[in-house]
> 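This is the structure, below, for whatever I ask next.
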Amino acid sequence: MARVLCVAEKNDAAKNIALQLSGNRFQRAEGRSKYNKLYSFDGQFRGQPAKFVMTSVSGHLMTLDFGQGYKEWRPATTGELFSAPVIRSVNPNMLQIEQTLKEQSRGAEILVIWTDCDREGENIGAEIVSVCLSVNPRLDVYRARFSEITYQAVTRALNNVIRLDQNEVDAVDCRSELDLRIGAAFTRLQTLHLQSTVPTVLDGVVSYGSCQFPTLGFVVERYKAIKDFVPEPFWRLVGKHKRDGVDVEFVWDRNRLFDKQITETFHEVCNDADYATVTSVQKAPKSRWRPVALDTVEFEKLAVRKLRMSAKDAMAAAERLYTSGYVSYPRTETNIFPKEMDLASLVTAQGNSPDWGPFAQDIMTRGGPNPRNGVKTDEAHPPIHTLKPATKQELTRDWAVYELITRHFLACVSRNATGQSTTVKVDVSDEVFNANGIVIEDRGYLDVYKYDNWYGKMLPPYQEAERLKDFKVDINEGSTTAPLLLNEADLIALMDKHGIGTDATHAEHIEKIKERQYVALNPDKRFIPGFLGLALVDAYNEMGFEMSKPVLRSTLERGLVDICNGTRTKADVLAEQLQSYKRIFDRTEDRIILLSDIFKRYVGAQNLAGAAAGNHAPARGGRGAGRGGRGGSTAAVANRGGAAAQRGRGGGRGGGNAPAAPSFNFPTAGVQNPPPNNYQSSRPPQAPGPRPVVQAPRNALPPPGNGNPNPIVCGCGVPAPVRTANTSANRGRRFYGCAKQRDDPSRCNFFQWET
DNA sequence: GCAAGGTC
């Protein structure tokens, strides 16, 4: 009988594939590595009876590094890293897996690669092949292509095996070589330079990486947008009417104007009117949609926003829950539930929960689960979902994450919330005002999904054509405010949008720039850049290189896609990329003094400002550094900055007699403080829940012209759609606003012209 | 001492 060795990307996949192929009848044995077992069973390969052994690796087996002569960090050899020899070898902590592969290869005639069906999976497959062929060159090597681990998918894959796709293997080799050469070269250049020029404040590695640096760039760009923000005053009219003891507020159809005189003219016109006329009373059904099936990026964003966790901690909790069988595989790009998945039994399993049992039962009595699917699939894993019931006592610290995943799952497969909205339109001397009300009829998914809310607001009855004699019109003055600093969810969304990192690595890159002291979290868990991060971004910008922008990474990504499509070779893309980075490197090396100069300028400005304020402890005293001082609340600013700097120091350094680098490294004043907000809100107070210190932005960001990678995001953290103004003053002008419906009380007041 | 990508 032919002996077939199968190798999957991880133990979990190997187990499940073996389970399907063997009809749940396999023998399990230990391998050399603790985590990677052997699953044996009999079956058929290409029409012949065969003995199968299924085992696995744990991701990449190999690692790339520079050879002898380039291990040492020296300024003289740093530039040579673009051409120095690199060696691919088995990662030291994968040696046991390698041993298992070798042992199993000796007795096999056929090797089938069952790694994930993506670029990295293809490359991991090639690494497995090289290990196996080294002990048994006669192996016949195949590739199984499957999109999910179901009986149909894996049997189809086994009956239709193909060969590895060398183009995809090459693309990943190209990526890893570029990442290593470019990362190492710029890291050594930056580190060696700063250590020699500002040794007292710097003792760590100042790394550069194609993912970490654009991530830092996003943080810096937002910080600067806030610093450079100039508030703009505006005026608006507000209609008021009292009926049945209810104060009804009407929103001006022109929303607001940036011209005081014109607004006052409208105000006078309205005040001169004898009455207001109700021109229409419209009722319409409204619904609030249940959430889409959960993928990794959405999960991370939810955990950050709703549970106030870091993405890294959230993923760690999800992985613990996955390993102990409570939830499905947490790394997935899929937000569509496969048709054949048995959602009903997963819902039924939650029927006894004291928290959401009745809701789960209700789903079943109303016709069963009806998932709201998205449009993405990685063809490997289903959306994240709950697997078995649990209690708070048994999960302890991981309960909140389990609860989020379970409530999200139940909400996703339940039904939308529905209600009726009422819009009352009133005309005062041709000026139009609207009042909106909503009556919620069926809370639907909201009963289980405590992370969302929908506030109903009843309007008293109005009749069409009715004249209101006591309709009042007030004029309010307001001012646009700067955008918020990015929180982790914003940052992940930006990385996702620009293709920086993968769903599995977003959180790691963010941790990396924190660890490097490039950024820190302020008390509101929003990112402020440190002087080191600012200096790095400024230095490359000043030299004219877009190192902190996402474009370099996306150019590389396009090259990789070309390699996969066969339109370009690995050698071609590699040479082109190395040449362009080497040119940047050479010019950077010539002008590297800029980096320490800029860094010193930042630190010096802060120390001078601290001394001027009579405070001799630069670590936390500095106020009004740079241009950040906004009148009115400097003390509060200094406090916040100090706290942020202290957190920044939590990275494990510090201590000792030398001044701790981060003390100097974080600005202690500036953007943490909101500019004075003198707008008398015409809206009810914002929905409860975590609110940042800075108020919802009304105007924001630099012009989104060519090359600006920032999406315009409103105060709710959602990308803002472009709308067209229809007021006489600004007719046809385009602007960004909050994506939510106008009658949605959680809608924020975000506003920004598209310039 | 350097990257990013897999995964435990």
Side-chain angles (χ1 to χ4, degrees), chain A residues 7-15 31 33-37 56-66 70-74 77-78 81-82 84 86 88 90-91 93-94 96-97 115-128 168-169 171-192 194-195 202-215 296 315-316 318-320 322-324 329-331 378 380-381 495 499-513 515-516 552-553 556-557 560 577 581 585 653:
Chain A
V7 186
E9 189 160 322
K10 45 192 162 278
N11 179 65
D12 174 63
K15 183 179 76 187
S33 135
K34 184 177 157 197
Y35 299 107
N36 304 85
K37 313 291 181 190
S56 58
V57 292
S58 292
H60 280 287
L61 271 177
M62 312 282 212
T63 173
L64 196 66
D65 213 344
F66 293 105
Y70 291 94
K71 302 270 190 212
E72 199 192 335
W73 293 34
R74 287 193 290 133
T77 54
T78 306
L81 296 177
F82 287 91
V86 286
R88 197 174 295 274
V90 174
N91 187 327
N93 49 25
M94 300 291 170
Q96 283 133 334
I97 294 177
T115 49
D116 292 357
C117 287
D118 53 27
R119 220 159 61 189
E120 297 293 334
E122 212 69 8
N123 190 274
I124 292 167
E127 294 173 352
I128 296 165
E168 297 206 332
V169 175
V172 172
D173 281 345
C174 181
R175 176 199 59 72
S176 52
E177 188 174 333
L178 285 169
D179 283 339
L180 174 67
R181 291 186 186 282
I182 298 163
F186 283 95
T187 299
R188 292 186 191 183
L189 173 65
Q190 294 172 173
T191 307
L192 292 172
L194 285 173
Q195 280 176 355
L202 272 168
D203 56 357
V205 169
V206 186
S207 62
Y208 171 85
S210 59
C211 290
Q212 53 178 271
F213 214 66
T215 306
T296 302
M315 281 309 289
E319 268 155 34
R320 282 192 296 272
Y322 162 68
T323 316
S324 40
Y329 190 66
R331 280 195 286 267
D378 59 14
H381 306 284
M495 296 170 77
I500 305 299
T502 67
D503 60 332
T505 60
H506 289 148
E508 288 170 29
H509 299 310
I510 295 171
E511 287 302 313
K512 180 79 78 182
I513 62 172
E515 180 192 325
R516 295 284 185 244
L552 288 174
R553 181 77 198 182
L556 167 58
E557 183 59 33
L560 299 184
Q577 290 281 318
Y581 273 98
F585 180 88
R653 270 199 246 158

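Treat the numbers as computed from the prediction; the structure is a model and nothing was measured. By convention in this document, chain letters (A, B, ...) are assigned in the order of the sequence lines, proteins followed by strands, and residues within each chain are numbered from 1.
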> Give a yes or no answer on whether the side chain of A/E127 reaches the backbone of A/L61 with a donor-acceptor pair at less than 3.5 Å.
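Here the side-chain-to-backbone pair exists.
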> Sub-3.5 Å donor-acceptor pair from the side chain of A/D116 to the main-chain atoms of A/G121, do we have one?
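A pair under 3.5 Å: no.
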> Taking the side chain of A/Q212 as its heavy atoms from C-beta onward, which of B/dG5, B/dA3, B/dT7 lies nearest to it?
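Nearest to the side-chain atoms of A/Q212, counting from C-beta on, is B/dA3.
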> Is any N or O donor-acceptor pair between the side chain of A/S207 and the base of B/dC2 shorter than 3.5 Å?
no
> Under 4.0 Å between any heavy atoms, over every strand shown, what does A/R553 touch: base, sugar-phosphate, or nothing? Just pick one.
sugar-phosphate
> Given 3.5 Å as the limit, does a donor-acceptor pair link the side chain of A/T191 with the main chain of A/V206, or not?
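Side chain of A/T191 to backbone of A/V206, a donor-acceptor pair under 3.5 Å: yes, one is there.
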> Can you measure A/R516 atom CZ to B/dA3 atom P for me and round it to whole angstrom units?
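For the pair A/R516 CZ and B/dA3 P, the rounded distance is 5 Å.
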> Can you tell me the distance, in whole Å, between the CG atom of A/L64 and the C1' atom of B/dG6?
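So the two atoms are 14 Å apart, to the nearest Å.
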> Mapping A/E319 and A/H60 to their closest nucleotides on DNA chain B, which lands nearer the 5' end?
A/H60
> Does B/dA4 have its OP1 or OP2 closer than 4.0 Å to a side-chain nitrogen or oxygen of A/R119?
no
> Please check if the side chain of A/K71 supplies one atom and the backbone of A/F66 the other of a donor-acceptor pair under 3.5 Å.
yes
> Starting from the 5' end of DNA chain B, give me the residue, A/Y35 or A/M62, whose nearest nucleotide shows up first.
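Its nearest nucleotide lies further toward 5', so the answer is A/M62.
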> Starting from P on B/dC2, measure out to CD on A/Q195 and report it in whole angstrom.
12 Å
> Base, sugar-phosphate or nothing for A/D116? Non-hydrogen atoms, less than 4.0 Å.
sugar-phosphate
> Ignoring the backbone of A/K512, work out which of B/dG1, B/dA3, B/dC2 is nearest its side chain.
B/dA3
> In whole angstroms, how far is the P atom of B/dC2 from the CG atom of A/L189?
16 Å
> Applying a 4.0 Å non-hydrogen cut-off, can you work out what A/S176 is touching in the nucleic acid: base, sugar-phosphate, or nothing?
base
> Among all residues two or more places apart in sequence or in another chain, which pass the salt bridge (charged side-chain N to carboxylate O under 4.0 Å, His left out) test with A/R181?
A/E177
> Measure the distance from OH on A/Y70 to P on B/dA3 and round it to the nearest whole Å.
20 Å
> Residues two or more places apart in sequence or in another chain: which of them pass ring pair (Phe, Tyr, Trp, His ring centres under 6.0 Å) with A/H381?
A/Y329
> Return no unless some side-chain N or O of A/H509 is found under 4.0 Å from OP1 or OP2 of B/dG5.
yes
> Taking the minimum atom-to-atom distance to the side chain of A/V205, which one of B/dG1, B/dC8, B/dG6 wins?
B/dG1
> Considering every strand and a 4.0 Å limit on heavy-atom distances, what is the contact class for A/Y208: base, sugar-phosphate, or nothing?
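Here A/Y208 touches the backbone only, sparing every base.
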> Base, sugar-phosphate alone, or nothing: which one does A/G121 contact when heavy atoms must sit under 4.0 Å apart?
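Nothing, no heavy atom under 4.0 Å.
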> Within the structure, does a side-chain N or O atom of A/T502 lie under 4.0 Å from either OP1 or OP2 of B/dG5?
no
> Students often get this wrong, so: under 4.0 angstrom with heavy atoms, is A/T187 touching a base, only sugar-phosphate, or nothing?
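It contacts sugar-phosphate atoms only.
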> Short question: side chain of A/T78, backbone of A/A185 - any donor-acceptor pair under 3.5 Å?
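Checked: no pair found.
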> With centres under 5.5 Å and planes under 30°, do A/W73 and B/dG1 count as stacked?
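Stacked: centres under 5.5 Å apart, planes under 30°.
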> Below 3.5 Å, does any donor atom in the side chain of A/D179 face an acceptor in the base of B/dC2, or the other way round?
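For A/D179, whose side chain was compared with the base of B/dC2, there is no donor-acceptor pair (under 3.5 Å).
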> To the nearest Å, give me how far apart CG (A/N93) and P (B/dG6) are.
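About 16 Å, once rounded to whole Å.
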> Using a cut-off of 4.0 Å on non-hydrogen atoms, how would the nucleic acid contact of A/M315 be classed: base, sugar-phosphate, or nothing?
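Answer is nothing: A/M315 stays at 4.0 Å or more from every strand.
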> Does A/R181 have a side-chain nitrogen or oxygen under 4.0 Å from the phosphate oxygens OP1 or OP2 of B/dA3?
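Negative; the distance criterion is not met.
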> Taking CZ from A/R331 and P from B/dC8, how many angstroms apart are they, rounded to a whole number?
7 Å
> Within this structure, what is the CG-to-P distance between A/L192 and B/dG1, rounded to whole angstrom?
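In whole Å, B/dG1 P and A/L192 CG are 13 Å from each other.
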> Think A/Y322 has a side-chain N or O under 4.0 angstrom from the OP1 or OP2 of B/dC8?
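Result: no.
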